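The structure displayed is predicted, hence computed values, not measured ones. Side chains are part of it too, since the values below use all heavy atoms of this structure and drop only hydrogens, waters and symmetry mates.
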Amino acid sequence: MQDRLTERYDPAAIEPAVQEHWERAGVFRVTEDPAREKFYCLCMFPYPSGRLHMGHVRNYTIGDVIARYQRMQGRNVMQPMGWDAFGLPAENAAIENNVPPAEWTRSNIDYMRGQLKRLGFAYDWDRELATCDPDYYRWEQWFFRRLYDKGLVYRATAVVNWDPVDQTVLANEQVIDGCGWRSGAPVERREIPQWFLRITAYADELLDELDRMDEWPEAVKTMQRNWIGRSEGLSIRFDLSDGSGQLEVFTTRPDTLLGATYMAVAPEHPLAIAAAAADPQLAAFLETCRHQSTSEAVIEKMDKLGMALPVTVRHPLTGDALPVWVANFVLMSYGTGAVMSVPGHDQRDWEFARKYGLPIRQVVAPADGSTIDLEAGAWPEYGVTVNSGRFDGLDFPAAFDAIAAELERDGRAERRVQYRLRDWLVSRQRYWGCPIPVLYDDAGNVVTEDDTRLPVRLPEEIAWEGVASPLRNMPEFTRATLPDGRTGRRETDTFDTFFESSWYFSRFCSANCDTGMVDERADYWMPVDIYIGGIEHAVLHLLYARFFHKAMRDAGLVKSDEPFTRLLTQGMVCKETYYRDVSGGRRQYFNPADVEVETDAKGRVTAARLTRDGQPVTIGAVEKMSKSKNNGVDPQALIDRYGADTVRLYTMFAAPPDQSLEWSDSAVEGAFRFLKSLWRLTSEHVAAGLPGSREGAALGDDLKALRRHIHETIAKVSDDISRRYKFNTAIAAVMELVNHLARTPAEDAVARGVRHEGLETVVLLLSPIVPHAAQVLWAALGHDGEVMDAAWPVVDEAALARDAIELVVQVNGRKRAVIAVPADADQAACEAAALAEANVKRFTAGTTVRKIIVVPGKLVNVVVAG
RNA sequence: GCCGGGAUGGCGGAACUGGUAGACGCGCCAGACUCAAAAUCUGGUAUCCGAAAGGAUGUGGGGGUUCGAUUCCCCCUCCCGGUACCA
């Protein structure tokens with residue numbers, strides 16, 4: 001390590017040298033040490049899409065800052081990294097470039113690993129894993145069998161998007177305006193048998209545990225609670241009028257039962273299908289429904305359409321005949337595929353009833369006696385029952401109980417707890433995933449794979465023809481001998497990639513274990529102390545991972561109830577978009593790197609043109625960096641130009657981690673400028689020789705103020721990093737300190753001593769953020785060893801003492817003056833000083849002082865009247 | 001549609017528990033250095049009035065609570081994330 005500073009800050013020279021030194025010394029390799037407090041710091045692992053994007057840089061810098069800070073607190077810190085390597089983009093690359101997914105994925109991993117190393121992240125690379133590696137996925141195949149034996153796995157049919165031209169299943173993302181993204185053909189719904197994990201068996205625990213997860217953001221917990229959607233209600237069976245059977249529905253509002261005026265069933269409901277056989281018009285309607293999206297967002301936004309079925313049901317209380325309709329918004333996969341419709345008290349039912357002339361009845365009224373207008377819309381609030389015969393005049397719980405009791409007595413209903421959460425569909429009809437380890441005998445019966453025959457390897461040498469998974473056409477894969485020696489065939493579906501990402505954090509603890517899924521080392525490291533990743537994972541990934549962890553716990557594999565003690569959700573990285581309208585109403589997007597922006601005298605953006613042709617482009621919205629909007633800024637170009645430390649510093653400085661970040665190239669320049677000036681200040685300081693001890697020397701007012709600032713900054717930055725996770729304000733505080741250090745002359749030994757203390761503090765406080773520069777500066781300031789192993793600075797309470805403080809003086813809440821008072825001034829003294837101030841007198845003259853509010857240490861507010 | 005989040009100078013953001021709105025940085029303007037440019041340094045920079053002192057206005061819009069509201073409550077607009085096969 002160098003100990004004399006070059007005059008110029010040259011990241012291209014120092015960063016590779018420092019990284020090489022880390023690598024040689026193996027400083028990030030960790031093992032279990034029961035004597036030390038552990039800290040497991042984890043970022044959501046990346047999908048190896050090709051190159052790092054700014055979202056990755058931001059995510060991993062946040063994690064690295066926290067990991068390095070915890071290390072300086074003396075903890076045994078583990079920070080691993082791996083690859084969420086299965087997924088759809090690899091198949092798209094295979095189709096587009098005719099390169100096998102395995103090859104594409106592994107070369108992406110190699111490139112991106114290099115980029116991560118170039119950024120200087122403190123990872124223990126010995127623990128690296130890729131989920132497409134058979135040594136990884138064999139254990140989830142093994143665990144699938146444990147879940148199967150426990151009854152937590154089952155096979156049932158589910159609806160998929162089917163592309164009739166490409167003869168393949170499409171992801172929701174691949175369906176654009178109801179058509180396949182490649183074929184352009186209208187997509188069909190198709191029901192096929194698929195594998196499910198019984199996550200609903202853990203619904204109550206997943207819900208209840210949220211109350212004890214104090215270190216998760218409230219927003220994420222609320223979203224998970226709503227997603228699980230526990231509700232208590234009544235399951236009611238309506239008799240079909242012709243006596244041919246019953247129609248079962250679930251309702252959370254039995255108090256509105258007397259207001260039910262029709263029933264609605266899903267297009268796939270047996271009643272609808274039966275009726276369509278005799279009615280071509282109905283059959284045509286069901287056919288249009290068959291082309292409907294499977295996505296909730298699309299279904300809920302489309303026109304609500306329906307048709308009457310030639311059947312009625314009997315109301316269980318009144319005996320009235322209620323019509324049964326088929327409606328395109330009722331989901332077969334949710335509940336029983338049928339709902340009772342109460343248009344008076346449900347807005348969607350109201351709109352449907354209005355559209356088709358169905359009756360609307362009021363059966364609940366506001367408890368305060370006010371009236372409602374059912375002509376204007378439904379009234380969905382809780383109130384008191386009306387028009388409900390012998391059930392009139394009851395509030396919600398009383399009406400619920402009375403109606404439930406009567407129906408239960410007759411065996412027509414029972415109270416039930418229902419969840420919005422559905423079981424986890426883990427089958428994917430895709431090639432690039434972990435093979436589901438089951439087989440079928442010649443009669444089609446399910447046969448689970450034997451542990452001894454695992455892993456079921458995904459063939460990687462494949463010829464990709466067309467767009468469908470090649471597995472189905474590979475007899476060498478599908479033809480199999482069953483564990484008992486009979487012939488059969490192998491399942492060609494693969495797991496949802498959320499399966500892999502649901503347990504990788506446990507595997508990191510015992511990454512090289514080849515005798516089990518995890519070993520006892522996981523008991524030392526788990527749970528993860530802080531998990532950092534995008535807010536877009538608030539529900540799906542984080543709920544699946546919580547469930548999987550509990551399932552592993554119940555299989556005796558891990559000990560903790562929850563996998564992630566603390567969660568930090570980062571916002572997205574955004575950038576302005578630039579485009580031109582091209583034919584067909586489409587837009588051609590241009591990358592910001594290829595666009596020049598014009599500004600007016602105030603720096604306001606007025607126009608943008610394409611550098612290539614000098615012609616204008618339209619300035620679009622600021623959106624999440626994405627391929628489709630072509631607004632990604634390549635971090636590599638910035639790293640090459642400014643170095644890793646500048647990129648890290650800028651991403652941490654630009655916004656707090658949980659907010660979205662709008663990328664600005666010029667602000668990166670500012671971060672670079674700051675590092676250059678810190679470098680220069682330090683270099684000038686050490687060039688004059690290191691100062692001796694300042695022990696015992698008295699400080700003047702300026703130096704006292706500087707020392708106070710140094711120690712206030714230590715307190716502020718420590719709190720910002722460890723409690724608030726506000727790295728932007730931590731950096732701002734350090735910048736202020738550096739400005740203060742630079743403008744305070746340091747000519748004599750005492751002043752040079754204070755400056756030395758200040759520079760040491762700055763280097764330590766910044767070292768988690770800019771570790772390369774900090775290492776070199778630390779050495780230059782006269783220290784041996786790693787700055788990351790130096791102790792975090794400690795606040796000197798004595799340095800914080802102040803003689804005088806400033807108080808704001810307000811008159812009627814408006815700031816009129818700032819006064820200085822002794823730090824120990826009492827309330828009366830503050831009031832007197834405030835009232836004596838000339839500008840305060842101006843506003844109090846000729847008025848009566850009603851009261852004076854003194855907020856100690858902050859302000860005095862004089863309330864006057866007249 | 002539903003669930004969650006957000007909106008503050010020209011821009012990113014700060015104000016942590018209801019107490020000085022705009023810290024820090026970018027940009028811009030002026031000046032210094034320079035033959036010149038770059039780099040660097042110094043000063044200014046919410047808007048309006050004013051030479052200044054100071055004053056008025058101002059945190060997406062409308063209302064409310066309070067001595068005092070970016071912060072708490074109610075209503076609304078727009079933007080973003082998720083919506084179960086993108087990861």
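Applying salt bridge (charged side-chain N to carboxylate O under 4.0 Å, His left out) to A/E296 and the options A/K301, A/R420, A/R422 leaves one that passes, A/R420.
Put simply, the side chain of A/E296 and the base of B/rG1 share a donor and an acceptor less than 3.5 Å apart. Judged by distance alone with a 3.5 Å cut-off, a donor-acceptor contact links the side chain of A/Q194 to the base of B/rC85. Residue side chain A/Q174 does not reach the base of B/rC85 through any donor-acceptor N/O pair under 3.5 Å, judged by distance alone.
Among the protein residues, A/P46 comes within range of no part of the nucleic acid, since none of its heavy atoms lies under 4.0 Å from any strand. Using a 4.0 Å heavy-atom distance criterion, A/A654 is classed as a sugar-phosphate-only contact. Among the heavy atoms of the strands, none lies under 4.0 Å from A/D658. Counting non-hydrogen atoms under 4.0 angstrom, A/K221 reaches nothing in the nucleic acid.
Taking atom P in both B/rG60 and B/rA14, the straight-line distance is 14 Å, to the nearest Å.
Within the structure, a side-chain polar atom (N or O) of A/N226 is placed less than 4.0 Å from OP1 or OP2 of B/rG4. Here A/R724 reaches the OP1 or OP2 of B/rA15: one of its side-chain N or O atoms lies under 4.0 Å away.
With a 3.5 Å ceiling on both atom-pair distances, the Watson-Crick or G-U wobble partner of B/rU40 is B/rA32. Across every strand in view, B/rA46 sits in a pair with B/rU57 that passes the Watson-Crick or G-U test at under 3.5 angstrom.
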Give every pair of a protein N or O atom and an N or O atom of nucleotides 22-26 of chain B that lie under 3.5 Å apart, one pair per line with the distance.
residue: B/rA23; atom: O2'; partner: A/E736; partner atom: OE1; Å: 3.3
residue: B/rA23; atom: O2'; partner: A/E736; partner atom: OE2; Å: 3.3
residue: B/rG25; atom: OP1; partner: A/N739; partner atom: ND2; Å: 3.2
residue: B/rC26; atom: OP1; partner: A/R673; partner atom: NE; Å: 3.2
residue: B/rC26; atom: OP1; partner: A/R673; partner atom: NH2; Å: 2.7
residue: B/rC26; atom: O2'; partner: A/S666; partner atom: OG; Å: 2.7

When you compare the protein's N or O atoms with those of nucleotides 63-69 of chain B, which come within less than 3.5 Å of each other, and at what distance?
residue: B/rC67; atom: O2; partner: A/N861; partner atom: ND2; Å: 2.5

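Ring orientation note: the planes of A/F499 and A/F548 are nearly perpendicular, at an angle over 60° on the 30°/60° scale. Aromatic ring orientation, A/F86 versus A/Y137: tilted (interplanar angle from 30° to 60°).
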